[in-house]
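To keep things clear, I will list the structure first and then write my remarks on it.
Just so we're clear, the structure is a prediction, and the values are computed from it rather than from any experiment. Lettering of chains follows the sequences in order, A, B, ..., and the numbering in each one begins at 1.
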There are 2 protein chains.
Amino acid sequence: MRQRLNAEAAELKFREVLARHGLKWTAERRTILAIVRSLPGHFTADDLAGHVQRAGAGVSRATVYRALPLLVEAGLLQPMVLGGEVRRFENALSGPHHDHLVCTACGRVVEIEVEAFEILQREVAARHGFRLSSHVHELYGTCAGCQRTSERSADAPAR
Amino acid sequence: MRQRLNAEAAELKFREVLARHGLKWTAERRTILAIVRSLPGHFTADDLAGHVQRAGAGVSRATVYRALPLLVEAGLLQPMVLGGEVRRFENALSGPHHDHLVCTACGRVVEIEVEAFEILQREVAARHGFRLSSHVHELYGTCAGCQRTSERSADAPAR
DNA sequence: CTTCATGCAAAAGATTTGCAAGTTC
DNA sequence: GAACTTGCAAATCTTTTGCATGAAG
């Protein structure tokens with residue numbers, strides 16, 4: 001139901017985020033975007049940096065790292081937790097389980113609790129013969145306030 | 001719908017994981033478990049280590065770090081991505097979006113695609129005035145094969 | 001022209017590991 | 001007893017920053 005984004009659409013999304021932050025569209029960021037589009041499957045931040053460097057054009061690691069959050073904000077890169085190498089946790093014992101709705105512009109976090117998700121998750125897991133123990137479920141986007149801000153002006157402070 | 005786990009249940013879960021890996025139930029791990037249960041909200045691996053250290057009993061940082069993956073496997077700690085400080089990504093452009101079903105015992109990853117999740121997510125986001133751009137959704141548990149293995153013997157190799 | 005970007009190399013952090021001595025099973 | 005743990009400190013790794021120079025708007 002969700003169509004594959006072509007190069008043009010991807011560039012548009014990226015530039016939109018840049019504009020929103022008053023940042024510039026440079027050759028380096030263009031290169032990084034291209035590599036990101038070309039990488040299949042899962043990869044680490046460092047992997048990506050490596051690919052970009054090897055890809056010829058001398059784009060430094062620092063520049064790649066600096067682009068990461070922007071790419072995520074543009075929805076071109078999707079953060080993952082696979083493998084458990086995370087830095088951040090939440091006590092899974094206190095109170096009922098909840099997921100998170102995070103504003104990528106201002107950082108606000110809304111905790112949500114949706115019974116339907118839980119049920120659906122169990123169903124899917126069962127269908128694959130899995131016995132669930134936990135999960136990570138976070139939704140990223142912009143909250144009402146930040147949407148208004150970015151519509152009004154393109155030089156809105158990042159946070 | 002999901003009840004708060006009491007100390008006993010938590011210990012049971014933890015010891016179960018330890019047994020499954022042929023590991024031991026030590027005073028240090030007991031301390032760590034206690035602190036984990038006491039910490040509310042979100043925290044980093046380092047935060048936890050700090051708390052444990054300050055909590056008196058001289059449990060070293062290294063020991064805490066070593067216990068982390070076990071706690072997650074036991075479902076007592078829930079990994080999160082909040083804040084975007086992740087090390088791992090996935091190209092959000094190639095093909096339709098999918099979530100992950102991960103076996104914490106053997107590491108197998110099954111990619112799942114459930115339309116209902118997407119719809120529900122959009123609904124929840126809308127209800128809070130958010131415009132979604134991406135999300136992380138990973139389910140952790142044990143696959144059919146690993147379930148059988150751990151039932152048969154407690155000394156099954158971790159992976 | 002003013003503001004932002006980049007590379008470099010250094011700095012800062014976070015996590016992991018080797019080892020000798022002490023514990024659990 | 002054998003196998004697994006721990007603390008410590010050193011070793012690794014990853015990610016971030018300061019600065020001077022070079023582009024983009």
Nucleotides 2-9 of chain C: protein proximity per nucleotide (B base, S sugar-phosphate only, - neither; heavy atom, under 4.0 Å):
-BSSBBB-
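- For the helix from C/dC1-D/dG25 to C/dC25-D/dG1, the end axes, each set by the C1' atoms of five terminal pairs, are bent relative to each other by 60° (nearest 10°).
- In this structure B/Glu111 satisfies the salt bridge (Lys or Arg N to Asp or Glu O under 4.0 Å) test with no other residue, sequence neighbours excluded.
- Every residue two or more places apart in sequence or in another chain was checked for a salt bridge (Lys or Arg N to Asp or Glu O under 4.0 Å) with A/Arg127, and none qualifies.
- Summarising the geometry, the separation between CG on A/Leu48 and P on D/dT14 is reported as 14 Å, rounded to the nearest angstrom.
- Legend: residues meeting salt bridge (Lys or Arg N to Asp or Glu O under 4.0 Å) with A/Arg61, ordered by chain and number and at least two apart, are A/Asp46.
- The separation between A/Asp47 atom CG and D/dC13 atom P is 14 Å, rounded to whole Å.
- Taking B/Glu11 as the reference, B/Arg15 meet the side-chain hydrogen bond (donor to acceptor under 3.5 Å, both in side chains) condition, with sequence neighbours excluded.
- Between A/Trp25 and A/Phe14, the ring planes lie perpendicular to each other; the angle is over 60°, past the 30° to 60° tilted range.
- Residues satisfying the side chain to side chain contact (heavy atoms under 4.5 Å, CB included) criterion with B/Ala62, sequence neighbours excluded, are B/Ser60, B/Arg66.
- Taking Ile, Leu, Val, Met, Phe, Trp and Tyr as hydrophobic and joining them when side-chain heavy atoms fall under 4.5 Å apart, one finds A/Leu132 in a cluster with A/Leu101, A/Val110, A/Ile112, A/Val114, A/Phe117, A/Leu120, A/Val124, A/Phe130, A/Leu139, B/Leu101, B/Val110, B/Ile112, B/Val114, B/Phe117, B/Leu120, B/Val124, B/Phe130, B/Leu132, B/Leu139.
- Across the protein-nucleic acid pair, B/Tyr65 atom OH and D/dT6 atom P stand 16 Å apart, rounded to whole Å.
- By the salt bridge (Lys or Arg N to Asp or Glu O under 4.0 Å) test, B/Glu28 pairs with no residue at all, sequence neighbours left out.
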